[in-house]
Amino acid sequence: MGGFFGAVSKRDITIDVFFGTDYHSHLGTKNAGMAILDEEYGFRRYIHSIENTPFRSKFEKDLMEFKGNAGIGCISDSDPQPLLIRSKNGCFAISTIGVISNGGALIREIFSDNGHQFTTEGKFEKNGTTWINMTELTAALINQKDDLLEGIKYAQEVIDGSITILILTDKGELICVRDKYGRLPVHIGKDEDGYCVSFESFAYGKLGYHDEYELGPREIVKLTPDKMEILSERTDDLKICAFLWTYYGYPNSNYEGVNVEVSRYKNGALMAQREKREGTLPDVDFVAGVPDSGVPHAIGYANESGKNFARPFVKYTPTWPRSFMPSNQAVRNHVAKMKQIPVPELIEGKKLLFVDDSIVRGTQLRETVDFLFESGAKEVHMRSACPPIMYPCKYLNFSRGNSEMDLIARKTIQELEGDEGQKHIAEYADQSTERGKCLLHAIAKKFGFDSLGYQDLNDLLDSIGIDKNKICTYCWTGKE
């Protein structure tokens, strides 16, 4: 994943871009960058690895060198960016978020013209083939045409996957581009001196901007200090990612007019309502959320079920504040274990129900359950705030992994029924069926839960509340 922030104004926007970008740090843990257009110097840009040090610490020392009325910043879980591009369409800085699933074919097509070359590298194809930076590939596609607007439209058309783009031109203009199915949000804020653009809506509220506009699918908007201009109209082909509300969106952000935190409360409540109707609500002493994104789902569940909400363990985050760190899986698991600090009075002899935002690969679940039982828990029940994830995301790289068998649900189905089970994915995803119940029992046994439950897809969509046909549910259903 990743996120970006940009601003264009009659005043210096360095601090705005610094803090606005920093407010996207929950979306990525690998690379970050800032590019500011200085009237005297031109573009100034810095890119740093943030795998071991947060954005703010890495970029504080750079602030003294930045000055300008237009700039962009990006947090990225993949490529170093923003990139500076010099081309027939002028000089511009560019950042992108998303996935290009047909990158290999596009690269070969561009290389077929002997006048093209690439300068950056990254990993793209599953066989380990080295490829160029996704942002540079996007820029190369844009530069196939004779102006930026036509080039952006061309890139949108030929890219399979999802690409959201932010460009800062050498004229001090921001060009904001939402991907063609609107899988990610793009918000515009305004103050008395200019405009900003942001993935997260809350980021600019803290900087004194107010909500001005939210781009639609495929829409392209140009921002200058005095004007917001729509260069290409939106379409109705919205397929926004449901995980914005379930997991990776920040609690006080809004997407399509729906607040993240409120949606999570409702989601947890709907799950408890269904379990009460079906008689599967367990008798527990406390309901708790797996920190941090599971907490609001658990609050909704506790309020609806009438069970007491508690925090039987907390994360110690002053030294390891970021859940995806470090990159080595074995060390990451150990760090996760070291961060879990129990509250013995809320665990010993207690029956506990935990709600997590999702269960993807389950790499840390076993350690969490062992930790709770070692701390004296009598029972541990687990609930997932979304249905079983059956398909790796091919649009945003949410569910990381190289194959479907990296997903705990698909892996367990294979263990239960072999290849035959893979023909009945929809049935396994429905916990009211015999196969669905079998999957629940198998995963619960594997991880030591006294019971396991997943949210129903319709209830999840109801908790979001927008037209269900406009929400991407590919990772659960495998349907476009």
- Message: I'd like to know if the side chain of Glu214 pairs up with that of Tyr255 as donor and acceptor (distance under 3.5 Å, no hydrogens or angles considered).
- Response: no

- Message: Less than 4.0 angstrom from a charged side-chain N to a carboxylate O is my criterion; do Lys206 and Glu200 meet it?
- Response: no

- Task: Mind checking side-chain hydrogen bond (donor to acceptor under 3.5 Å, both in side chains) for Asn458 and listing every partner two or more places apart, or none if nothing turns up?
- Result: none

- side-chain hydrogen bond (donor to acceptor under 3.5 Å, both in side chains) between Thr412 and Lys446: does it pass, once the steps are laid out? CA-CA 9 Å; Thr412 304; Lys446 180 180 296 187; 3.2 Å; yes

- Closest non-hydrogen contact found for Ser293 with Tyr247 is OG-CD1, 3.5 Å

- Query: In chain order, what residues pass the side-chain hydrogen bond (donor to acceptor under 3.5 Å, both in side chains) check against Thr21, with sequence neighbours excluded?
  - Reply: none

- Inspect the contact between Lys411 and Glu404 and indicate whether a charged nitrogen and a carboxylate oxygen are less than 4.0 angstrom apart. no

- Task: Rounded to the nearest 0.5 Å, what's the gap from CD1 on Ile389 to CD1 on Ile408? Could you check?
- Result: 11.5 Å

- Residues Glu304, Lys276: salt bridge by 4.0 Å N-O rule: yes

- Task: Give a yes-or-no answer on whether the side chains of Thr135 and Thr96 include a donor-acceptor pair shorter than 3.5 Å.
- Result: yes

- For atom OH of Tyr181, decide whether the heavy atoms of other residues, nucleotides or ligands shown that lie under 6.0 angstrom number more than 12. no

- Message: A cation-pi test, strictly: NZ or CZ of Arg183 under 6.0 Å from the centre of the six-membered ring of Tyr395 and no more than 45 degrees from its axis. Yes or no?
- Response: yes

- Determine which pairs satisfy ring pair (Phe, Tyr, Trp, His ring centres under 6.0 Å) with at least one residue from residues 419-438, sequence neighbours left out, and list them in order. none

- Within the distance-only criterion (no hydrogens, no angle test), does the side chain of Asn133 pair as donor or acceptor with the backbone N or O of Asp79 below 3.5 angstrom? no

- Message: Would the distance check show the side chain of Asp179 and the main-chain N or O of Ile163 forming a donor-acceptor pair, the cut-off being under 3.5 Å?
- Response: no

- Do any N or O atoms from the side chain of Lys350 and from the backbone of Gly376 form a donor-acceptor pair under 3.5 angstrom? no

- Pair Phe243 + Trp476: ring centers closer than 6.0 Å: yes

- Have Ser76 and Asn31 got a donor and an acceptor in their side chains that come within less than 3.5 Å? no

- Query: Taking the side chain from Asp77 and the backbone from Thr29, do they hold a donor-acceptor pair closer than 3.5 Å?
  - Reply: yes

- Task: Determine which pairs satisfy salt bridge (Lys or Arg N to Asp or Glu O under 4.0 Å) with at least one residue from residues 240-269, sequence neighbours left out, and list them in order.
- Result: Arg178-Glu256

- Message: I'd like to know if the side chain of Thr477 and the backbone of Thr473 have a donor-acceptor N/O pair within less than 3.5 Å.
- Response: yes

- Task: State which residue, out of Leu270, Asp357, Val355, fulfils the side-chain contact (heavy atoms from CB on, under 4.5 Å) condition with Gln455.
- Result: Leu270

- Lys378: partners by side-chain hydrogen bond (donor to acceptor under 3.5 Å, both in side chains), with sequence neighbours left out: none

- Message: Could you tell me if the side chain of Leu460 sits less than 4.5 Å from the side chain of Met271, heavy atoms only?
- Response: no

- Message: Is it the case that the ring center of Phe199 lies less than 6.0 angstrom away from the ring center of Phe5?
- Response: no

- Query: Going by atom types only, do Gln414 and Asp419 share a side-chain donor-acceptor pair under 3.5 Å?
  - Reply: yes

- Message: Would Lys190 pass as a cation-pi partner of Tyr195, given that its NZ or CZ must be under 6.0 Å from the six-membered ring centre and within 45 degrees of the axis?
- Response: yes

- Query: Can you find a pair of side-chain heavy atoms, one from Val177 and one from Val221, that are under 4.5 Å apart?
  - Reply: no

- Item | His26 and Tyr250 aromatic centres sub-6.0 Å | yes

- Would His381 and Ser451 count as having a side-chain donor-acceptor pair, cut-off 3.5 Å? yes

- Message: Between Ser263 and Asn259 (side chain of the first, backbone of the second, donor and acceptor by atom type, cut-off under 3.5 Å), is there such a pair?
- Response: no

- Item | Heavy-atom pair with the smallest gap, counting every atom of Phe373 and Gly448 | CE1-O, 3.4 Å

- Stepwise side-chain hydrogen bond (donor to acceptor under 3.5 Å, both in side chains) test for His24 and Ser198: CA-CA 9 Å; His24 291 78; Ser198 181; 3.3 Å; yes

- Message: Any side-chain to backbone donor/acceptor pair from Thr433 onto Glu427? Under 3.5 Å, distance only.
- Response: yes

- Query: Roughly how far apart are Gln156 CD and Thr164 OG1, rounded to 0.5 Å?
  - Reply: 9.0 Å

- Item | Atom of Leu137, atom of Ile100 and distance for their closest heavy-atom approach | CD2-CD1, 3.9 Å

- Message: For a 4.5 angstrom cut-off between non-hydrogen side-chain atoms, does Ile471 reach Ile464?
- Response: yes

- Query: Hey, does Tyr454 have a side-chain heavy atom less than 4.5 Å from the side chain of Ile443?
  - Reply: yes

- salt_bridge(Glu219, Arg234) N-O dist < 4.0 Å: yes

- Between Gln422 and Arg410: side-chain donor-acceptor atoms closer than 3.5 Å: yes

- Any ion pair linking Arg435 and Glu417 (charged N to carboxylate O, less than 4.0 Å)? yes

- Query: Is it the case that Thr53 and His48 place a side-chain donor and acceptor less than 3.5 Å from each other?
  - Reply: no

- Item | Donor-acceptor contact below 3.5 Å, side chain Lys239 vs main chain Tyr474 | no

- Query: Can any side-chain N or O of Lys30 pair as donor or acceptor with the backbone N or O of Ile50 at less than 3.5 Å?
  - Reply: no

- Message: So Leu353 and Phe286, do their side chains get closer than 4.5 Å, heavy atoms only?
- Response: no

- Leu174 vs Ile72 side-chain heavy atoms within contact, under 4.5 Å: yes

- Message: Taking side-chain hydrogen bond (donor to acceptor under 3.5 Å, both in side chains) as the definition, give me every residue that meets it alongside Tyr204, ordered by chain and number, with sequence neighbours left out.
- Response: Asp211

- Message: Please tell me whether Tyr209 and Asp16 have a donor and an acceptor in their side chains that are separated by less than 3.5 angstrom.
- Response: yes

- Could you tell me whether Arg383 and Asp356 have a side-chain N and a carboxylate O separated by less than 4.0 Å? no

- Please find out if less than 6.0 Å separates the ring center of Phe202 from that of Tyr23. yes

- Query: Do Tyr391 and Ile425 come within less than 4.5 Å of each other through their side chains, counting heavy atoms only?
  - Reply: yes

- Gap separating the CG atom of Leu244 from the CG atom of Leu184, nearest 0.5 angstrom: 6.5 Å

- Minimal heavy-atom distance between Leu439 and Leu416, with the atoms involved, is CA-CD1, 4.2 Å

- Using modelled atom types only, decide if a donor and an acceptor are shared between the side chain of Lys180 and the backbone of Ile159 within a distance under 3.5 Å. yes

- Task: Enter the distance from Met34:CE to Ile75:CD1 here, rounded to the nearest 0.5 Å.
- Result: 10.5 Å

- Item | Salt bridge flag under 4.0 Å for residues Arg56 and Glu60 | no

